[in-house]
Every structure is written in structure tokens, then in C-alpha cells.
Novice: 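Questions regarding the structure given below will be posed in turn.
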Amino acid sequence: MSASPGVTALRRLASMPFLDRLELAAAAGISDRSAYRAVAALERRGLARSLLHGTELLRTTRRYHLTAAGLCRLAAIEDEPLEALLRARPVSAQWRRILLERLDAVAVIYRLAASIAAQRGAIGFRWYRAAPMDASIVLSGGGVLAVVRQGATADRTGFAKRLWRLREGPDPGGVLLLAPDETRLRHARRLLATAPFPVLLALEREVVGAGPGHPIWRPPSVRGAMGLRDALAYTAREAGLPAEREPARATLPADLDAAAAGDPGWLLPARLGPAEKRTLDLVADWPWIAPGDLAVLLGLSRARLSRLVVSLESLGLVARIPATGGRLAATERGLAVAARRDRTAVGLARSRWSPAPLDAGVPGGWRDVRGRNSRQLLRHLDHTAAVHRFVASLAQQARAEGWEVAQLDPPRRASRYFRHGGRVRSVHPDAFGVLRRDGERWACFLEWERRAVRPSTMAARLAPYLRYYASQRPADDHGVRPAVLVVLRDEITADHFLRVARRELDRARVKLPLGVSHEALVGAEGPFGDAWRAPGGRPSSALPAAS
């Protein structure tokens with residue numbers, strides 16, 4: 001005899017806390033109407049509560065969780081001790097904190113799970129605290145899928161280690177991997193090309209926004225893509241669910257309203273709106289950014305940006321640093337929110353990017369800043385500000401020309417690593433961007449160069465790119481060969497650089513899509529203007545065609 005919709009909803013919210021009603025209906029295999037009625041009845045009886053949540057990718061919706069009374073009621077229905085229920089399912093106070101910290105990622109994975117359930121019927125589901133996968137989905141009729149999400153702030157090395165653990169551990173079944181952008185998806189494909197289990201990868205925004213028939217899922221070792229139905233047939237196979245060590249504590253969670261009185265950081269993903277999250281992410285990406293440049297990157301008015309920044313300041317997530325002329329930086333609390341969302345180390349994020357003690361209004365200079373990477377950016381603030389102005393101008397002009405800014409990476413995500421001559425080499429640009437329009441893609445590396453004044457130094461700056469472009473790696477990494485845009489200090493230095501570049505290109509016999517300019521000309525013409533020249537003095541063809 002099947003359980004009533006109310007009991008079904010209780011059980012499902014115990015295994016998948018913070019589902020919305022449509023996701024609940026799909027995952028449990030009941031009608032949307034039954035899910036709405038069941039959840040409403042649980043709320044009236046005080047067995048469930050909801051909170052609002054939205055992201056840049058997902059519209060704001062109500063997400064539901066069981067109250068302490070709801071958990072006690074479920075324990076009575078299951079004839080199971082409450083402590084055993086708290087240890088067996090992700091409903092303890094400790095689990096609730098973890099899921100709320102990761103709520104943006106949780107919502108994306110639930111959307112994927114609901115799409116899978118719509119194809120294959122009711123599913124089983126398990127969350128993981130520290131395993132390489134985020135969750136496992138058990139399909140009706142057999143088959144297990146591990147879901148791995150790469151967060152926007154996950155660094156290359158840390159995520160590679162996570163995938164290594166996935167490969168070396170127990171068989172996870174099939175794997176569905178969600179990547180934040182094309183570059184990191186291609187990197188993950190290379191890492192998993194020889195995995196001993198079936199793998200498919202997709203962009204997170206496409207998993208959320210594309211229909212089930214859209215071919216968004218890509219295998220790691222061959223070209224092509226498939227829709228969700230074919231993806232499930234390709235990846236789903238029998239496997240045991242990975243086991244994690246039982247948590248040391250499993251306490252009954254308090255009411256969220258009572259917990260919110262203490263202003264805990266783990267509630268922030270539910271308190272912040274999509275625009276606030278987008279603003280925090282950009283400030284964390286581009287430390288010491290001026291409010292004007294941030295407004296341009298977001299495509300907002302200064303008044304709207306000011307309201308967002310004031311809101312983030314009041315929550316202790318962003319600081320306006322007087323010592324830098326009012327520039328913005330993510331505080332240690334703001335860095336922790338992003339790190340926990342993406343399952344990265346909070347301590348590592350703070351050691352690299354903390355603006356303290358300047359974020360607390362303590363006077364001082366760049367030497368006092370704790371975050372080693374943030375300290376270097378502040379030490380060379382003129383250079384940092386110039387890069388910020390360029391990327392803001394690029395975004396503004398791209399929109400005016402009908403391009404969509406698909407990707408805009410700060411230096412830490414713009415670096416590329418490759419093998420050349422039997423050694424691991426790298427390029428470390430100041431920024432990387434990808435634009436899209438009508439099926440066309442254009443990408444570029446930016447080098448804002450103020451130190452290259454001698455021919456030997458100029459040749460040394462070009463050498464990593466000549467090695468990189470001597471192979472197929474640029475196209476393999478991005479799907480296109482990105483332009484390399486170099487901005488020099490003045491016109492005389494730019495002329496010298498062009499002569500050196502022509503000599504080095506002829507010597508290396510490498511085709512490099514190079515554009516060279518200088519600060520005054522780029523400032524006057526903008527990134528899309530007639531500011532760029534190729535070696536030989538002719539106008540550069542590295543820029544995208546105008547609309």
C-alpha cells in the first residue's frame with residue numbers, strides 16, 4: 001500500500017532537505033498538485049518551514065525543510081529512534097548548516113535530480129559531506145549516478161586532487177560533472193579522459209537552463225554531445241553507494257528563526273538575493289575594484305550598485321577601504337561564504353585574499369594586508385586599477401556591439417599550464433575573457449605590461465605565449481585560438497614591442513593572434529576601437545568583427 005502524499009513529502013524532505021515543491025514532486029514521483037497540497041498541510045501543522053532562495057541561474061523560490069516537530073513525527077511514523085533518524089539522514093543541526101552553506105550548489109543539483117526523475121521516475125538520493133562527489137542519485141530500475149560540481153572559486157590544483165580521489169576510490173557508478181565555464185570543463189575532460197567509469201560533463205548554466213532534449217552532456221574523450229535521456233543510458237550503471245564515516249554529532253536542529261538571531265554565516269546564502277551574490281562574487285574576483293568599474297561589469301547604475309554594496313557591507317561581506325580611495329574588497333566573512341559554497345578551504349582563501357586589517361578601517365599600507373595575493377595586487381594598485389578599467393570597458397563595449405560576456409576571469413583563473421619540451425610551462429595573463437554572439441565565440445588574454453622596456457624583457461614576456469601557441473593547446477583549452485592583447489606604457493614602447501614581436505615570431509615560426517597598443521590609445525578608443533596593431537605595424541585582426 002503506497003504512502004499518502006503527506007508521508008511521502010515528510011520522507012523526501014528528510015532525505016533531500018531544501019527542495020522546492022516542483023522538485024519535490026519530480027523526485028518523489030507525485031503530481032505537482034499533490035506536492036503543493038502536502039507541503040501546505042505540513043506547514044499548517046508546523047512540521048515543515050520554508051525559506052526564499054534564488055541565484056543568478058535559478059529564479060527565487062521557496063525551499064522547504066522539516067522542523068524539529070516534523071522530524072519527531074517522521075521518527076514515530078518510521079518507528080525509529082530520533083537519534084538514529086538524525087544520524088541516518090541529512091537533517092541534523094550539523095547537516096543543515098552544511099547544506100545551507102552550500103545552498104546555491106544544492107539548488108543546482110536538485111534541479112538536475114528533478115530533471116532526471118522526470119525522465120526515469122522517482123529517485124533515491126544521498127548527500128555527502130567530504131566525499132569527492134557532492135551527491136549520488138539512485139535511478140528507479142537500477143543504476144547509480146555520482147554528481148560532481150566544480151564551483152566558481154575552486155582552484156585548479158584542489159579540484160584536480162578531488163577528481164583523483166574520485167578515480168582512486170570505490171566505483172561511483174556513472175559520473176555527471178557540472179563545470180562553471182568552458183575552460184574548466186575542458187580541463188576536467190582531460191583529467192577524466194581515462195577514468196574507469198562512464199563520465200559526462202556539462203556547463204552548470206546549461207544544466208539549469210536547457211531542456212532535457214538539448215545536447216549539453218559531453219563525454220571526456222570524444223567530440224559530440226547528447227541530451228539527458230541518452231546521457232542517462234550512457235552513464236547509469238549498477239554500483240554501491242559510497243559510505244562516509246558517521247558524524248560525531250547529530251543534534252536536533254533549532255528553529256531557523258531562533259538561529260537567525262545570532263546572524264550565523266551559514267544562513268547568508270538564503271538571505272542574499274541573486275544581485276547581491278553576483279556583486280559579492282565579482283568583488284571577490286577583482287579585489288580592490290573601484291565602484292565605478294564594478295557598476296560597469298554588472299551593467300548597473302551607480303545608484304543601484306550603491307544600494308547593493310551598502311547591503312553587503314551591513315552583512316560584513318564587503319568592505320569599502322578608505323586607504324585605497326574607497327575601493328572594494330571581499331572581507332574574510334565574504335571569502336568564507338564563497339569558499340564553503342564551492343567546497344574549497346576557507347583558510348586557504350583567507351590566506352590568499354584577505355584584505356584585513358584594512359577592511360576593519362585600520363590604517364596601514366599594503367605590507368599590513370594578510371592575504372598574500374591581495375597584498376601583491378594592492379602593492380601594484382596602479383596596475384591593478386588599469387586592468388579593472390580595461391575589463392570593465394571591454395564588457396561595456398561588448399554589450400554595445402551585441403556580444404554576450406560569457407566569461408571574464410581574473411589573473412588566478414586566467415593562467416594556463418601546458419607541456420612543452422618535456423617540461424610543464426605556463427602563461428600568466430592579467431585577465432581572460434570570452435564573448436559570444438550568434439553562435440560565434442571570441443576569446444582573449446590581456447597583458448597589461450609596464451615593466452617591459454628593454455628588448456630582452458619584451459622577448460621574455462612573449463616567450464610563454466610562443467610556446468603555448470606552438471601547440472594545439474590554445475584551441476583545445478578554449479575551442480578557439482584566443483587573441484593576445486598587450487598594452488604597453490606609451491607609444492614609443494609599443495613600437496619597440498612590435499619590432500621585437502615580429503623578430504620573435506619569425507624566429508619561432510608561430511602564428512600568434514597578437515594585438516599591441518598603449519595605455520593612452522586604449523583609453524581613448526576602448527578595447528573594441530582602432531587601437532590595436534599587429535607586428536609589422538598593420539592593424540591587428542585579433543579583435544572581433546564589429547556588428
Side-chain angles (χ1 to χ4, degrees), residues 293 376-377 379-394 397 409-411 414-418 420-421 423 425-433 442-471 473-474 478 480-546:
D293 293 331
Q376 285 299 105
L377 291 174
R379 180 183 181 184
H380 304 288
L381 186 57
D382 288 346
H383 177 272
T384 301
V387 172
H388 292 170
R389 285 194 300 271
F390 181 92
V391 296
S393 181
L394 177 67
Q397 286 194 309
D409 289 342
S415 298
R416 302 289 180 263
Y417 297 85
F418 58 98
H420 183 273
R423 295 175 56 189
R425 303 281 191 166
S426 60
V427 293
H428 298 284
D430 293 306
F432 173 77
W442 177 82
C444 72
F445 293 109
L446 171 67
E447 285 284 352
W448 198 278
E449 187 53 67
R450 290 182 167 179
R451 296 181 179 180
V453 294
R454 297 180 179 179
S456 60
T457 311
M458 294 176 179
R461 292 292 187 269
L462 272 175
Y465 289 97
L466 294 177
R467 288 191 287 264
Y468 187 47
Y469 281 79
S471 68
R473 279 297 299 274
H478 312 104
V480 296
R481 287 173 67 84
V484 179
L485 305 181
V486 182
V487 183
L488 283 303
R489 185 172 55 186
D490 52 44
E491 185 175 5
I492 294 174
T493 310
D495 288 340
H496 286 324
F497 190 91
L498 284 167
R499 286 195 290 271
V500 171
R502 184 173 185 177
R503 183 192 70 205
E504 293 299 308
L505 288 171
D506 289 343
R507 182 186 60 79
R509 297 181 181 178
V510 172
K511 291 184 178 180
L512 183 66
L514 182 65
V516 178
S517 188
H518 59 90
E519 293 184 25
L521 189 57
V522 170
E525 295 286 341
F528 272 54
D530 297 325
W532 306 96
R533 288 183 292 162
R538 62 188 182 281
S540 176
S541 60
L543 273 289

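Below, each value reflects all heavy atoms present in this structure, side chains not excepted, and no hydrogens, waters or symmetry copies.
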Novice: Would you mind reporting whether T384 and Q376 have side-chain heavy atoms less than 4.5 Å apart?
Specialist: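 Answer no - side chains too far apart.
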Novice: Answer yes if the ring centres of F497 and H518 are under 6.0 angstrom apart, and no otherwise.
Specialist: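 For F497 and H518, the ring centres are not under 6.0 Å apart.
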Novice: In sequence, state the C-alpha distance, the side-chain angles, and the governing distance for R533 and R538, and then conclude on side-chain contact (heavy atoms from CB on, under 4.5 Å).
Specialist: CA-CA 6 Å; R533 288 183 292 162; R538 62 188 182 281; over 6 Å; no
Novice: Could you go through E519 and R450, starting from their C-alpha distance and side-chain angles, then the distance that decides it, and tell me whether this counts as side-chain contact (heavy atoms from CB on, under 4.5 Å)?
Specialist: CA-CA 10 Å; E519 293 184 25; R450 290 182 167 179; 2.9 Å; yes
Novice: Measuring from E525:CD to Q397:CD, what's the distance to the nearest 0.5 Å?
Specialist: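 Those atoms lie 9.0 Å apart.
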Novice: At their closest point, which heavy atom of V391 faces which heavy atom of A431, and how far apart are they?
Specialist: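 The pair with the smallest heavy-atom distance is CG1-CB, 3.8 Å.
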Novice: In terms of relative ring orientation, are H428 and Y417 parallel, tilted or perpendicular, with 30° and 60° separating the classes?
Specialist: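 Correct class here is perpendicular.
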Novice: To check you understand the geometry: which heavy-atom pair defines the closest contact between R451 and E449, and what is its length?
Specialist: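 Of all heavy-atom pairs spanning R451 and E449, the closest is N-OE2, 2.9 Å.
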Novice: In a table with atom names and distances, give each donor-acceptor pair under 3.5 Å that connects a side chain of residues 483-493 to protein atoms at least two apart or in another chain.
Specialist:
from : atom 1 : to   : atom 2 : distance (Å)
D490 : OD1    : I492 : N      : 3.3
D490 : OD1    : T493 : N      : 2.8
D490 : OD1    : T493 : OG1    : 2.6

Novice: Using every non-hydrogen atom in the two residues, find where P464 and S426 come nearest and quote the distance to one decimal.
Specialist: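 In this case the closest contact between P464 and S426 is CB-O, 3.5 Å.
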Novice: Nearest 0.5 angstrom please: D382 CG to W448 CH2, how far?
Specialist: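 Answer rounded to 0.5 Å: 11.5 Å.
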Novice: For the OG atom of S393 and the CZ atom of F528, what is their distance to the nearest 0.5 Å?
Specialist: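 It is 9.5 Å, given to the nearest 0.5 Å.
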Novice: Got a sec, which residues hit side-chain contact (heavy atoms from CB on, under 4.5 Å) with H420, two or more places apart in sequence or on another chain?
Specialist: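 Only F418, R425, R467 meet the side-chain contact (heavy atoms from CB on, under 4.5 Å) criterion with H420.
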Novice: Do P482 and Y469 come close enough that some side-chain heavy atom pair is under 4.5 Å?
Specialist: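 Side-chain contact under 4.5 Å: yes.
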Novice: Hey, what do you get for CG (L512) to CG (L462), rounding to the nearest 0.5 Å?
Specialist: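 Between atom CG of L512 and atom CG of L462 there are 7.0 Å.
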Novice: Using a distance-only test with no angle check, is there a side-chain donor-acceptor pair under 3.5 angstrom linking R416 and H478?
Specialist: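 Short answer, yes.
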Novice: For residues 500-508, which side-chain donor-acceptor pairs fall under 3.5 Å, sequence neighbours excluded?
Specialist:
from : atom 1 : to   : atom 2 : distance (Å)
E504 : OE1    : R507 : NE     : 3.3
E504 : OE1    : R507 : NH2    : 2.7

Novice: Within a strict 4.5 Å, meaning less than it, do heavy atoms of the Y465 and P429 side chains meet?
Specialist: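 Answer yes - side chains close enough.
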Novice: Find the distance between CZ (R481) and SG (C444) and round it off to the nearest 0.5 Å.
Specialist: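 Rounded to the nearest 0.5 Å, the CZ-SG separation comes to 15.0 Å.
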Novice: Is there a side-chain contact between L446 and F432 in this structure, where contact means two heavy atoms from C-beta onward sitting under 4.5 Å apart?
Specialist: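 Heavy-atom side-chain distance check fails, nothing below 4.5 Å.
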Novice: Measuring from atom CG of L498 to atom CG of L514, what distance do you get when rounded to the nearest 0.5 angstrom?
Specialist: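 Going from the CG atom of L498 to the CG atom of L514 covers 7.0 Å.
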Novice: Do the side chains of E447 and R461 get close enough for a salt bridge, i.e. N-O under 4.0 angstrom?
Specialist: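 Judged by the 4.0 Å cut-off on N to carboxylate O distance, E447 and R461 do not form a salt bridge.
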